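These notes concern the structure reproduced below.
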Amino acid sequence: MKIEKVKFERLKMPLLSPFQTSFGTETDREFILVSVYGDGLVGYAECVAMDSPVYNEETIDTAWHVAEQFIIPKVLETELDSPEDFSNIFSWIRKNNMAKSAVESAIWDLYAKQKGLTLSEALGGEKEEIEVGVSIGIEPTVDGLLKKVEGFLAEGYKKIKIKIKPGVDVDRVKAIREQFGYDVPLMADANSAYTLADLETLKRLDQYGLIMIEQPLAHDDIVDHAKLQSELETPICLDESIHSLEDARKAIELGSCKIINIKIGRVGGLTQAKKIHDLCQEKGIPVWCGGMLESGIGRAHNIAIASLFNFTIPGDTSASKKYWAEDIIEPEVVLSKPGIVAVPKEPGIGYSLRQDIVDKYLLYSKVYSR
Ligand SMILES: O=C(O)CCC(=O)C1=CC=C[C@@H](O)[C@@H]1C(=O)O
Ligand SMILES: [Mg+2]
């Protein structure tokens with residue numbers, strides 16, 4: 001594969017409503033739209049780094065810098081046999097996974113298009129449709145949260161994820177169970193807001209039949225999570241702690257989690273995401289595809305990876321309209337049936353880019369060529 005040109009476009013899109021987690025509130029999403037050109041085709045991906053290093057060590061600026069200085073020049077001068085080559089070539093770059101993932105995923109899209117495959121097929125996906133869930137940020141009031149849950153259940157979403165933090169946890173889960181019962185697949189994401197000192201609070205969550213508690217403890221921990229998992233009935237799911245295949249192997253061996261949330265950007269791209277998926281399948285650990293408030297481009301990649309066999313839990317892959325008044329893809333991501341998103345049948349990510357809408361939210365761009 002010869003990459004003739006790479007384009008980075010920095011966009012800023014307003015979220016339809018603020019999204020609050022234990023580490024802050026997002027009112028808009030800045031991200032890098034990556035386009036890679038070869039043989040008259042274009043591959044697209046999205047860099048999901050945030051504008052401050054609150055989720056991981058990266059930011060949009062660090063990702064752009066690492067890609068510009070160390071990734072793009074090499075990609076433009078190298079003949080790749082396949083997208084899998086990318087991981088080997090750039091394994092020397094420590095962390096900076098979202099920078100690596102943004103270029104690698106775009107190369108995967110280009111590769112699939114050049115082969116006339118859907119991205120799902122190129123990755124070994126098996127599903128023609130995926131069950132999807134929805135992630136709800138921390139709402140100011142319990143009533144506001146219950147109204148949102150009611151609306152998403154009415155749309156048929158197959159998993160409800162709520163954000164929790166100390167003081168905004170048990171009451172929220174209890175209220176949802178009291179109003180909607182115990183059949184609703186409900187989970188809580190703490191984004192590392194707790195420590196082992198909060199054990200009693202976390203144990204109180206055990207009585208509400210959550211399908212998992214996501215990332216309760218430190219973002220870089222697997223030891224204390226193993227101690228916590230031995231105290232809880234509820235499965236722990238790791239998100240921020242899992243940056244690589246090795247992290248996943250160690251967390252599974254230690255018993256730090258019973259479920260893993262795979263995010264393509266967090267683990268360095270689609271090749272690594274697939275390897276973690278395969279390891280988890282071998283070890284009997286179910287996985288699901290997390291979200292990073294992506295535009296339709298990132299969302300399209302999430303749909304493709306979630307079509308792999310062991311993505312058995314609905315991911316945070318909601319329809320475009322949950323976040324965007326208008327998305328930068330055509331068609332937008334929609335629910336083909338209640339709680340279901342169809343895996344596109346067109347080559348690559350299967351969605352077209354709406355350059356007119358990209359231009360509307362464009363802050364600046366740069367083209368890199370041979
Ligand atoms: O993209 C989505 O729909 C889910 C977004 C979401 O829950 C998250 C995005 C980014 C960081 C966190 O806030 C949280 C997560 O940890 O999954
Ligand atoms: Mg999470």
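Position 1 is the first residue of the sequence; numbering continues from there. Keep in mind it's a predicted model, so treat the numbers as computed, not measured. Atoms within a ligand are numbered from 1 in the order they appear, just like the ligands themselves.
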query: Numbering the atoms of ligand 1 from 1, which are under 4.0 Å from a heavy atom of Thr21?
result: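 The atoms of ligand 1 under 4.0 Å from a heavy atom of Thr21 are 13 (O).
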Per-atom contacts of ligand 1 with Phe23, taking only distances under 4.0 Å to non-hydrogen atoms:
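Per the distance check, 11 (C), 12 (C), 13 (O).
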Practice prompt. Flag the pair Val134 / Ile160 as yes when at least one side-chain heavy-atom distance between them is below 4.5 Å, and no otherwise.
Written response: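 They are in contact (side-chain heavy atoms under 4.5 Å apart), so the answer is yes.
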Separation between OG (Ser52) and CG (Asp61), nearest 0.5 Å, reads 11.0 Å
What distance separates Asn261 CG from Glu214 CD, expressed to the nearest 0.5 Å?
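Asn261 atom CG to Glu214 atom CD measures 4.5 Å (nearest 0.5 Å).
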Could you check, using the six-membered ring where one of them is a Trp, whether Trp64 and Tyr364 have ring centers closer than 6.0 angstrom?
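Trp64 vs Tyr364: aromatic centres under 6.0 Å.
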Can you report which non-hydrogen protein atom sits closest to [atom], along with the distance?
| atom | answer |
| --- | --- |
| atom 1 (O) of ligand 1 | Leu293 N, 2.8 Å |
| atom 9 (C) of ligand 1 | Gly291 O, 3.3 Å |
| atom 16 (O) of ligand 1 | Asn191 ND2, 2.8 Å |
| atom 7 (O) of ligand 1 | Ser135 OG, 2.9 Å |
| atom 3 (O) of ligand 1 | Tyr323 OH, 2.5 Å |

Tell me the contacting part of [X] for ligand 1: side chain, backbone, both, or neither, using a 4.0 Å heavy-atom threshold, strictly below.
| X | answer |
| --- | --- |
| Asp239 | side chain |
| Lys163 | side chain |
| Asp189 | side chain |
| Met50 | neither |

_Is it the case that ligand 1 has an N or O less than 3.5 angstrom from some N or O of Asn261?_
no
Are Asp198 and Lys165 within salt-bridge range, i.e. N to O under 4.0 Å?
no
Closer than 4.0 angstrom, basic N to acidic O: yes or no for Asp143 and Lys147?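 Looking at Asp143 and Lys147, the cut-off is not met.
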Exercise for the section: Would you name the N/O/S atom of Asp239 that lies closest to the Mg ion (ligand 2)? Expected result: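 This residue's closest N, O or S atom turns out to be OD2.
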Here the N/O/S atom of Glu214 closest to the Mg ion (ligand 2) would be OE2
| Heavy-atom nearest option to atom 15 (C) of ligand 1, drawn from Lys263, Gln215, Glu214, Met292 |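 The residue whose heavy atom sits nearest atom 15 (C) of ligand 1 is Lys263.
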Check: Do Glu240 and Ser192 have side-chain atoms, one donor and one acceptor, less than 3.5 Å apart?
Finding: no
Review point. Quick one: do the Ser336 and Glu129 side chains pair a donor with an acceptor below 3.5 Å?
Key: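 Side-chain D/A pair, Ser336 to Glu129: absent.
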Q: Please step through side-chain contact (heavy atoms from CB on, under 4.5 Å) for the pair Lys366 and Glu68, ending with a clear verdict.
A: CA-CA 10 Å; Lys366 194 164 181 181; Glu68 182 173 83; 3.0 Å; yes
* N/O/S from Asp189 sitting under 2.8 Å away from the Mg ion (ligand 2) ->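 Yes - counting backbone and side chain alike, Asp189 has an N, O or S atom under 2.8 Å.
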message: When you group the ILVMFWY residues by side-chain heavy-atom contacts below 4.5 Å and let the links chain together, are Val48 and Ile305 in the same group?
response: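 No.
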